Amino acid sequence: MTTAEPADADEPTVARRPRRRFHEPQQRQRVLTLRVSVDEEAQIRRAAAERAETVARFIASAALNAASRPDAARDPDDQLDRAIDELAAARRQTARVGNNVNQIARELNSGGLPHPADLVAALTAVRSTIATIDIAAAGLLNDRKKP
């Protein structure tokens, strides 16, 4: 007669069936398609299995959790992308300001005086552009300092 070997303390003795999402009064009608790489799929399946959840429940829970907390930590690349977008917008604004300054310089070089409203508008645009660049740069620096 053979005796069964003792179960390893780290391994569960009985595997749980994956949990499904809570029942809805009406069947869910919408289907979302998700594209992932082979490695990403394996990572998602492994995480779902560790939580004893179906892949659909795991993905839906993660997505709904992220959607319900817009201020929660996101992918670091998201913040970098937003900062790059801000800097690109600041670059476009700087080009516009440069155009305004060139028009003012042309007026001065031709012996005329620019309209005071043009000077105020150009100065306001310069200040706004500098503020936008400062905000984007500070955001990048803050992200860099975070552990």
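Given the structure is predicted, the values throughout are model-derived calculations rather than measurements. Side chains are part of it too, since the values below use all heavy atoms of this structure and drop only hydrogens, waters and symmetry mates.
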Exercise for review: Please report the closest heavy-atom contact between V36 and E40, naming both atoms and the distance.
Suggested key: CA-OE1, 3.3 Å

Check your understanding: Could you give the distance from CG (N100) to OG1 (T124), rounded to the nearest 0.5 Å?
Key -> 10.5 Å

Review point. Any donor and acceptor pair, going by atom type alone, linking the side chain of S61 with main-chain N or O of R57 inside 3.5 Å?
Key: yes

Practice item. Check whether I130 and V101 end up in the same hydrophobic cluster, where Ile, Leu, Val, Met, Phe, Trp and Tyr are linked by side-chain heavy atoms less than 4.5 Å apart. Key: yes

Check your understanding: Run the salt bridge (Lys or Arg N to Asp or Glu O under 4.0 Å) check on E41 and R45 step by step: do they pass?
Key -> CA-CA 6 Å; E41 178 189 15; R45 288 188 181 281; 3.0 Å; yes

Check your understanding: Is Q43 atom CD crowded by more than 12 heavy atoms from other residues, nucleotides or ligands, each under 6.0 Å away?
Key -> no

Review point. Do the non-hydrogen side-chain atoms of T94 and R91 ever get within less than 4.5 Å of each other?
Key: no

Tabulate below the donor-acceptor pairs under 3.5 Å that side-chain atoms of residues 105-117 make, not counting sequence neighbours, or state none.
residue: N109; atom: ND2; partner: A105; partner atom: O; Å: 3.3
residue: S110; atom: OG; partner: R106; partner atom: O; Å: 3.3
residue: S110; atom: OG; partner: E107; partner atom: O; Å: 2.9
residue: H115; atom: ND1; partner: A117; partner atom: N; Å: 3.0

Exercise for review: Mind checking the CD1-CG spacing from I104 to L119? Nearest 0.5 Å is all I need.
Suggested key: 4.5 Å

Point to revise | Over all atoms of both residues, closest heavy-atom pair of V55 and A48 | key: CA-CB, 4.1 Å

Practice item. Determine yes or no for a side-chain-to-main-chain donor-acceptor pair under 3.5 angstrom, with Q93 supplying the side chain and A90 the backbone. Key: no

Practice item. Look up atom CG in L64 and atom CD1 in I59, then write down how far apart they are to the nearest 0.5 Å. Key: 11.5 Å

Check your understanding: What closest approach, in Å, do F58 and E53 show between heavy atoms, and which atom pair accounts for it?
Key -> CA-OE1, 3.4 Å

